[in-house]
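Quick caveat, the model's predicted, so the values are computed rather than measured.
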Amino acid sequence: MDSIIAHYSLTPSPYSPPSLPTLSSSITTNLSAPTLSFAHRKPTMSRRDVIASASQTLATPEPKENKLWGGRFEESVTDAVERFTESISFDKLLYKHDIMGSRAHASMLAKQGLISNSDRDIIIEGLNKIEKLIEDGKFEWRTDREDVHMNIEAALIDMIGEPGKKLHTARSRNDQVLTDFRLWCRDAIDLIVQRVKYLQVALLKLAIKNEALIVPGYTHLQRAQPVLLQHLLLAFVEQLERDAGRLLDCRARLNFCPLGACALAGTGLPIDRFMTADELGFTGPLSNSIDAVSDRDFILEFLSANSIIAIHLSRLGEEWVLWASEEFGFITPSDAVSTGSSIMPQKKNPDPMELVRGKSARVVGDLVTLLTLCKGLPLAYNRDLQEDKEPSFDSVKTILGMLEVSAEFHAEHYFQ
């Protein structure tokens with residue numbers, strides 16, 4: 001769970017777009033630039049430079065490292081294919097869960113006599129060192145090694161040699177990635193449920209603080225009946241309670257282990273799937289190997305639960321945006337959770353809750369992306385499913401931020 005918390009801390013984006021010239025400056029440049037005929041142009045390269053450049057172009061390219069899956073291949077993939085198919089840029093978030101799964105797998109292989117106890121100890125020691133390198137920011141993530149699994153496994157082989165090659169025994173990346181992903185979802189759900197409880201507590205504290213305060217109750221956004229503010233706030237507490245319940249139900253259903261399903265049809269080796277499942281805290285192994293590597297209903301259910309939370313938070317945000325307006329005038333947010341205007345100094349805007357309302361669109365969009373991705377896929381695994389990670393990571397990151405700022409907002413405003 002620590003890796004999830006670290007990933008979802010609010011950090012500035014590493015991407016900064018390149019500056020572009022304004023239209024007027026480009027027009028001015030074009031108008032003022034002198035026009036030269038080809039005959040007046042001076043050569044920019046000597047004959048020797050041209051020959052040297054051509055020689056470099058025709059030189060034999062540096063051989064690429066063989067892929068772990070590249071046994072039958074005689075040629076390397078092109079750079080464009082390598083860039084297009086890599087996932088390490090985002091799935092390295094799963095490193096802790098990948099190493100956790102590999103430790104359990106190595107222990108099972110040793111227990112079953114498929115590797116020696118000595119090899120197991122060397123493998124686990126190597127994995128521990130790699131985990132430390134990653135956490136210290138000293139691990140080199142390589143695009144040519146495609147994903148988090150191959151980066152860690154190749155680094156392990158580089159580090160410990162022959163024993164590292166035995167770790168892939170009776171395991172495919174297909175069951176490996178699903179194991180990592182289910183472990184990650186389990187931790188993410190625990191973290192979101194914790195944040196839901198924080199928001200519920202913030203709402204309860206606000207209700208207790210404003211005991212016996214009467215506010216208008218609305219239907220059709222028209223004043224209908226007077227109600228206690230506590231009654232209204234507890235309506236949101238009830239919604240959040242159901243949200244937490246949906247997440248916990250989802251957690252129980254996804255808590256089964258795909259390891260041992262391999263590519264799609266298992267393995268003839270005498271593995272112990274119950275041992276790895278138990279060591280990783282799963283309820284048990286998944287029953288059908290084809291289903292284990294191909295289905296994504298667990299992440300669809302998870303993102304669906306997140307979407308319902310987002311809708312509830314959006315409605316909560318709308319309530320406070322309206323109530324903070326001059327037309328309603330029921331609440332005054334503190335300066336700590338408000339923003340102003342650069343041209344209208346009298347303004348005090350409840351921007352955090354406006355963004356909570358707006359970011360719900362992202363969470364719903366992430367769910368729609370996953371639903372569309374999974375529609376019509378044939379059994380079993382397809383590379384399309386690599387695209388399930390980014391919307392899942394985004395959904396979790398966004399919903400955690402929405403819950404956190406909502407709890408802060410409720411601790412930082414008062415009623416008129």
Query - Nearest heavy-atom neighbours spanning A202 and H410 - result: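 So the two residues come closest at CB-CB, 4.2 Å.
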A106 and I115: which non-hydrogen atoms are nearest, and at how many Å?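 Reported closest heavy-atom pair: O-CD1, 3.7 Å.
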According to salt bridge (charged side-chain N to carboxylate O under 4.0 Å, His left out), who are the partners of [X], at least two apart in sequence or on a separate chain?
X	value
K205	none
R315	none
E319	none

Is any NZ, NE, NH1 or NH2 atom of the basic residue among [X] and [Y] found under 4.0 Å from an Asp or Glu carboxylate oxygen of the other?
X	Y	result
E153	K165	no
D190	R251	yes
D79	R83	no
E82	R142	no

Taking it one step at a time, do D91 and K389 satisfy salt bridge (charged side-chain N to carboxylate O under 4.0 Å, His left out)? CA-CA 7 Å; D91 69 13; K389 309 297 181 307; over 6 Å; no
By side-chain contact (heavy atoms from CB on, under 4.5 Å), K129 pairs with (sequence neighbours left out) E125, M159
For R296, the side-chain contact (heavy atoms from CB on, under 4.5 Å) test, sequence neighbours excluded, returns L178, F298, I299, C374, Y381, L385, D388
Side chains of D98 and Q176: do they bring a donor and an acceptor to under 3.5 Å? yes
- prompt: Below 6.0 angstrom between ring centroids: does that apply to F328 and Y218?
  reply: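 Ring-ring flag for F328/Y218: true, centres closer than 6.0 Å.
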Value for OG (S307) from CG (L367), rounded to nearest 0.5 Å, stands at 4.0 Å
**Study point:** Those residues that, when tested against F139, pass ring pair (Phe, Tyr, Trp, His ring centres under 6.0 Å) (two or more places apart)
**Key:**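 Once residues adjacent in sequence are excluded, the partners of F139 under the ring pair (Phe, Tyr, Trp, His ring centres under 6.0 Å) criterion are W141.
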| message | Strictly distance-based, threshold 3.5 Å: is any side-chain N or O of R246 a donor or acceptor partner for the main-chain N or O of F302? | response |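 Judged by distance alone, no pair lies under 3.5 Å.
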